[in-house]
Amino acid sequence: MITRLRLRARDLVGDPGLRGALVSISVRIAAAFVGLGLQILLARLMALEDYGIYVILWTWTSVVGQVGVLGFYDSAARFIPRYGRREKHAHLAGYLATGFRTVITGSGLLAAAALVFLTVLPGLVDPAFLLPLGVLALGFPILSLESYLTGVCRGFGWYALSTIPGYILRPVLIMLGVGLARTGGVPLDAVTVLSIVVLASIAVLIAQALLLRARLPKGPRPTTSRERRRFWLLASVLMMPAMTAEELFVWIDVLILGFLVSPDEASLYFAAQRSLSLAAFVQYGFMLVAARGFSLSLASADRAGLQARITRSTNATFWLTIPSVALTLVAGYPLLALFGPAFLAAYPCLALLGLAYVIRGATGQAAELLVVQGRYRLSLLIVSISVAACVLLMLFLVPLCGIIGAAAAMVLVQLLRLAVVTWLVHRHTGYWVLVRPFTRVADPS
């Protein structure tokens, strides 16, 4: 048995891509504690209703942010490794410049449209959400550009630079800002907290941009012909619907609850979801690395190597998700108590969502495989089925069981998604993405 465990451990860390994932996961574990600390601080210092408004709006920002980046966050994982492997440095520089200009222009126009809408038709928005929405609209270009730079770092394989600024530095700056506001007697409502978030994001963007600029390879002038720019823009924008839907699926339960229950109840559910951040970060860590590894195998036309990467990455994701979820459930009541006594009622949601995370981990990084292969329609089909099923189940279960019904719906949806992903991806690509937990795979390198 000891020998088997040693072989399993060597199998999990033998691939350089998986070692990168472990680095990313280590950073995200630290980020999990920092992020959880931030949410506990906000839940303690804000009124429950204001915290619920903050949760709902920030969740919507995470989804709409995919639109602001216009697909360049995900296309970076497709083009940057490929151009680097083939030493097309002029194309790489041209892609980066095109992405920067496109994200600035697109997110700026979306922010302006949102501000005009809020000014001309304020009656269509709940008054409690009006000013917080205005603050987020002003900060939207900053958040979109930060997301693009994170995608660029991921494409180069700079995993620490892609995670530390947004997941450690920003929460720390927000906590400092909240502390200063509290000390100065400023009321910590949703407007104040979201303003602090935007200011912290500006500082993060500046730091990340400077570090990224210092690390970018110094090469030839960018290749930016009209045809090439059109190709990059089209390839990225075609990714946007699928990736926006994928991000929507990540947060769909919180978003729907924002319409079906009060902000107070939504905040209880969000606390349970955030308490599972360690499990979520395990999966995110492998997602961060997988796309680059898949892209490198595709660039080398190495089909066997790609299947090996898929299997190794999925197995590692599955085996690490189980103990991370179990650990969270053991510590569940103390974790929820940190948010406040009222949040203990969310423990059943925590248990069900933990099961949903394990089920999701069984298909690993199937979505990233479809991204680097450019299979936008298939990706959009899978996530559309998942989102539609989630909406229907939540509309049925939430009125019956409240927030526990929402968590139960996520378990059922993840089971459906597992079946759909496994069947459709294998049928259309020939690759097997479902976990093979007891299969040892040779090092693809």
Under 3.5 Å, side chain of Asn315 to main-chain N/O of Arg436, donor-acceptor pair present?
yes
Leu136 vs Val197 side-chain heavy atoms within contact, under 4.5 Å
no
Check the angle between the aromatic planes of Tyr95 and Phe72 and answer parallel, tilted or perpendicular using the 30° and 60° thresholds.
tilted
How far apart are the C-alpha atoms of Ile310 and Leu369, what are their side-chain angles, what is the distance that settles it, and do they pass the side chain to side chain contact (heavy atoms under 4.5 Å, CB included) test?
CA-CA 8 Å; Ile310 293 168; Leu369 172 65; 3.8 Å; yes
Minimum heavy-atom distance Tyr347-Gly332, with the two atoms named:
CE1-CA, 3.7 Å
Do the side chains of Phe129 and Ile56 get nearer than 4.5 Å, heavy atoms only?
yes
Does some side-chain heavy atom of Val254 sit less than 4.5 Å from a side-chain heavy atom of Gln273?
yes
Looking at OH of Tyr269 and CG of Leu350, how far apart are the two atoms once the value is rounded to the nearest 0.5 Å?
10.5 Å
Taking the six-membered ring for Trp, are Phe343 and Phe339 parallel (under 30°), tilted (30 to 60°) or perpendicular (over 60°)?
tilted
Which pair of heavy atoms, one from Pro348 and one from Ile404, lies closest together, and at what distance?
CB-CD1, 3.9 Å
What pair of heavy atoms forms the shortest contact from Leu260 to Met394, and how long is it?
CD1-O, 3.9 Å
Counting C-beta onward and ignoring hydrogens, is there a side-chain heavy-atom pair between Trp158 and Leu211 closer than 4.5 Å?
no
Apply the test side chain to side chain contact (heavy atoms under 4.5 Å, CB included) to residues Arg360 and Phe249: give CA-CA distance (whole Å), side-chain angles for both, the deciding distance (0.1 Å), then the verdict.
CA-CA 12 Å; Arg360 184 180 179 96; Phe249 180 58; 3.1 Å; yes
With rounding to the nearest 0.5 Å, note down the distance linking OG in Ser267 to CZ in Arg274.
14.0 Å
Cation-pi geometry met for Arg154 and Phe156 (6.0 Å, 45°)
no
So Leu169 and Leu173, do their side chains get closer than 4.5 Å, heavy atoms only?
yes
State, without any angle test, whether Arg417 and Thr363 hold a side-chain donor-acceptor pair at a distance under 3.5 Å.
yes
Separation between CG of Leu194 and CH2 of Trp58, rounded to the nearest 0.5 Å:
8.0 Å
Does the side chain of Gln414 pick up a donor-acceptor pair with the side chain of Tyr357 at under 3.5 Å?
no
Where do Val413 and Cys390 come nearest, in terms of heavy atoms and distance?
CG2-CA, 3.5 Å
For the pair Glu265 (side chain) and Ile403 (backbone), establish whether a donor and an acceptor sit closer than 3.5 Å, ignoring hydrogens and angles.
no
CA sep, side-chain torsions, deciding dist, call: Ser275, Leu336, side chain to side chain contact (heavy atoms under 4.5 Å, CB included)
CA-CA 7 Å; Ser275 296; Leu336 292 172; 3.8 Å; yes
Between CG on residue Leu268 and CG on residue Leu257, distance to nearest 0.5 Å
10.5 Å
Verify the neighbour count for atom CZ of Phe100: are there more than 12 heavy atoms of other residues, nucleotides or ligands below 6.0 Å?
no
To the nearest 0.5 Å, tell me how far Ile174 CD1 sits from Ser201 OG.
6.0 Å
Taking all non-hydrogen atoms of both residues into account, name the closest pair between Cys349 and Ala272 and its distance.
CB-CB, 4.1 Å
Polar contact flag, side-chain donor to acceptor under 3.5 angstrom, Gln365-Thr317:
yes
Consider only side-chain N and O atoms of Thr311 and Gln307, and report whether a donor and an acceptor are under 3.5 Å apart.
yes
Do Arg170 and Pro165 come close enough that some side-chain heavy atom pair is under 4.5 Å?
no
Out of the candidates Leu276, Ile40, Leu329, Thr328, only one should pair with Leu335 under the side chain to side chain contact (heavy atoms under 4.5 Å, CB included) rule; please name it.
Thr328
Between Ala362 and Leu418, what is the shortest heavy-atom contact and its length?
CB-CD1, 3.6 Å
Rounded distance [0.5 Å steps], SG in Cys401 versus CZ in Phe396
8.5 Å
Val425 side chain near Ile382 side chain, heavy-atom distance below 4.5 Å:
yes
Within-4.5 Å side-chain heavy-atom neighbours: Cys153 and Leu212:
yes
Do Ile80 and Leu96 pass the side chain to side chain contact (heavy atoms under 4.5 Å, CB included) test, and can you show the C-alpha distance, the side-chain angles, and the key distance before you say yes or no?
CA-CA 9 Å; Ile80 292 177; Leu96 294 175; 4.0 Å; yes
